[in-house]
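Computed from a predicted structure; not experimentally measured.
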Amino acid sequence: MPYRQTFSCIDAHTCGNPVRLVRSGAPPLVGATMDEKRQHFLREFDWIRKGLMFEPRGHDMMSGSFLYPPQDPQNDMAVIFIETSGCLPMCGHGTIGTITIAIEYGLIKPKKDGVVRLETPAGLVICQYKAETVQNKIKVRSVRITNVLSYLAASNLKLDCPELGEIVFDVAYGGNFYAIVDPQENFKGLEHYNAELLVRLARELRKRINDTYSFVHPENPNIRGCSHIMWTGATIDKNSTARNAVFYGDKAIDRSPCGTGTSARIAQWHAKGKLQKGEDFIHESIIGSKFIGRIEEVIPNAFTNGITAIRPSIEGWARVFGENVISIDADDDPYALGFQVL
């Protein structure tokens, strides 16, 4: 396969975390669902992800997306997510950023004004956006996504964490699996640790979690394993509900409050009786940016294993800041397929 291609991209950030929408150069994918197309991408086109997300064309926190026609004609668009950590089933901040870019640039023409029905590898996500016209251009002010079913997968698990000692944690699903570490005897809260240490601890803790426990989505065996660690702690704003620092990839902390992570945490809180349907959950990121989450629906016996799930919504904003054309040519550039230093 010739590793040579040019990609037209639009760059934005969602509450501080990057989103690179690739508007031309998406590889042809086969499959009856977006999950099957995701598997095809991983088998044959992961070099594109690495070239666009890793250095020198990307960076440790880089994430992006490709748009595709929907499988179901009732829907508006489909998406594949890419980032340094892989090709995720669902990405909340990525969805908010992708919808913002796509509406502002006219890449999606919704069947219903203000609503985009978006097919993701994890399932259908409904995106409601607020937009206005500014100097004859559409400006998206915010996006609320109604996410896939989310649930608490396990609670009160224990493992030894280097430098901290025994840690108690829950694992919840919000489009990806999250290990959630709340303040406790051996972890005082994220505000007491710097980002470098949180990354180092999370990398080893995630490895130990996946070596010890198994997490598989009850309806999709392709969604498996704990991919993210969520450290929690005291809020910056007294009006916020909670704060987090989400670790992903090999050395990244999400600058946004993390959409699928917020979904997972809402599911955790609901399962423990701390949040009810319709209540606002104002979630802060490590830099203080906010998403507003809410439980839209509670579904008893949501899956064949009898788990109660919730359907969460997450509202946030994104801002577009640039356009670029990126080339990947492995015959000419020894670093065409990207690299990571650590």
Side-chain angles (χ1 to χ4, degrees), residues 1-14 16-31 34-35 37-69 77-102 104-105 107-108 118 120-122 175-176 227-228 248-256 258-260 318-342:
M1 178 184 295
Y3 299 121
R4 184 186 304 113
Q5 196 163 334
T6 299
F7 304 88
S8 173
C9 306
I10 305 167
D11 282 349
H13 71 88
T14 301
N17 217 52
V19 181
R20 172 173 287 167
L21 175 58
V22 186
R23 63 175 167 182
S24 70
L29 300 177
V30 297
M34 290 313 296
D35 181 59
K37 289 186 175 183
R38 170 177 170 253
Q39 301 307 313
H40 181 201
F41 185 96
L42 287 169
R43 287 193 306 270
E44 295 189 28
F45 298 106
D46 204 41
W47 64 272
I48 295 177
R49 176 187 68 86
K50 292 177 180 177
L52 292 176
M53 299 290 103
F54 290 168
E55 296 180 64
R57 295 162 185 81
H59 53 75
D60 296 337
M61 272 60 67
M62 200 69 211
S63 63
S65 59
F66 294 94
L67 292 175
Y68 287 89
M77 193 60 71
V79 66
I80 291 289
F81 299 107
I82 56 173
E83 61 175 50
T84 51
S85 67
C87 186
L88 295 178
M90 174 55 191
C91 180
H93 98 272
T95 299
I96 292 170
T98 296
I99 293 300
T100 298
I101 297 168
E104 291 189 0
Y105 277 75
L107 304 179
I108 295 178
L118 185 70
T120 79
N176 304 288
S227 53
H228 298 67
Y248 66 96
D250 291 322
K251 48 187 173 176
I253 293 285
D254 199 327
R255 273 58 171 163
S256 85
C258 187
T260 57
R319 296 294 181 264
V320 179
F321 57 80
E323 302 177 33
N324 58 73
V325 176
I326 299 175
S327 62
I328 296 176
D329 187 348
D331 291 335
D332 178 63
D333 183 354
Y335 300 127
L337 305 187
F339 61 83
Q340 289 184 293
V341 176
L342 295 177

Between [Y] and [X], is there a side-chain heavy-atom distance shorter than 4.5 Å?
| X | Y | value |
| --- | --- | --- |
| Val320 | Tyr105 | yes |
| Phe41 | Pro27 | yes |
| Leu107 | Ile10 | yes |
| Glu323 | Asp11 | no |
| Thr14 | Arg255 | no |
| Arg49 | Phe54 | yes |
| Tyr3 | Asp329 | no |
| His13 | Phe321 | yes |

All N/O donor-acceptor pairs, side-chain side in residues 330-342, below 3.5 Å, sequence neighbours left out:
from: Asp331; atom 1: OD2; to: Arg4; atom 2: NH2; distance (Å): 2.0
from: Asp333; atom 1: OD1; to: Tyr335; atom 2: N; distance (Å): 2.8
from: Asp333; atom 1: OD2; to: Arg57; atom 2: NH2; distance (Å): 2.7

For a quick test of reading the model, state the closest non-hydrogen atom pair linking [X] to [Y] and the distance between them.
| X | Y | answer |
| --- | --- | --- |
| Pro18 | His93 | O-NE2, 2.9 Å |
| Phe7 | Gln5 | CE2-NE2, 3.5 Å |
| Asn176 | Ser227 | CB-OG, 3.6 Å |
| Ser65 | Val79 | CB-CG2, 3.8 Å |
| Pro121 | Arg38 | CB-CD, 3.7 Å |
| Ile326 | Arg20 | CD1-NH1, 3.4 Å |

Report all side-chain donor-acceptor pairs from residues 80-89 shorter than 3.5 Å, counting only partners two or more places apart or in another chain.
from: Glu83; atom 1: OE2; to: Ser85; atom 2: OG; distance (Å): 2.4
from: Thr84; atom 1: OG1; to: Asp60; atom 2: O; distance (Å): 3.1

What distance do [X] atom [atom1] and [Y] atom [atom2] have between them, rounded to the nearest 0.5 Å?
| X | Y | atom1 | atom2 | value |
| --- | --- | --- | --- | --- |
| Ile99 | Ile108 | CD1 | CD1 | 4.0 Å |
| Met34 | Leu29 | CE | CG | 7.0 Å |
| Phe66 | Cys9 | CZ | SG | 7.5 Å |
| Leu21 | Leu67 | CG | CG | 5.0 Å |

Check your understanding: Is Asp254 reaching over with its side chain to a backbone N or O of Asn17, donor-acceptor style, under 3.5 angstrom?
Key -> no

Check your understanding: When the ring centroid of His40 is compared with that of Phe45, is the distance short of 6.0 Å?
Key -> yes

Practice item. Using a cut-off of 6.0 Å, state whether more than 12 heavy atoms not belonging to Lys50 lie near its atom NZ. Key: no

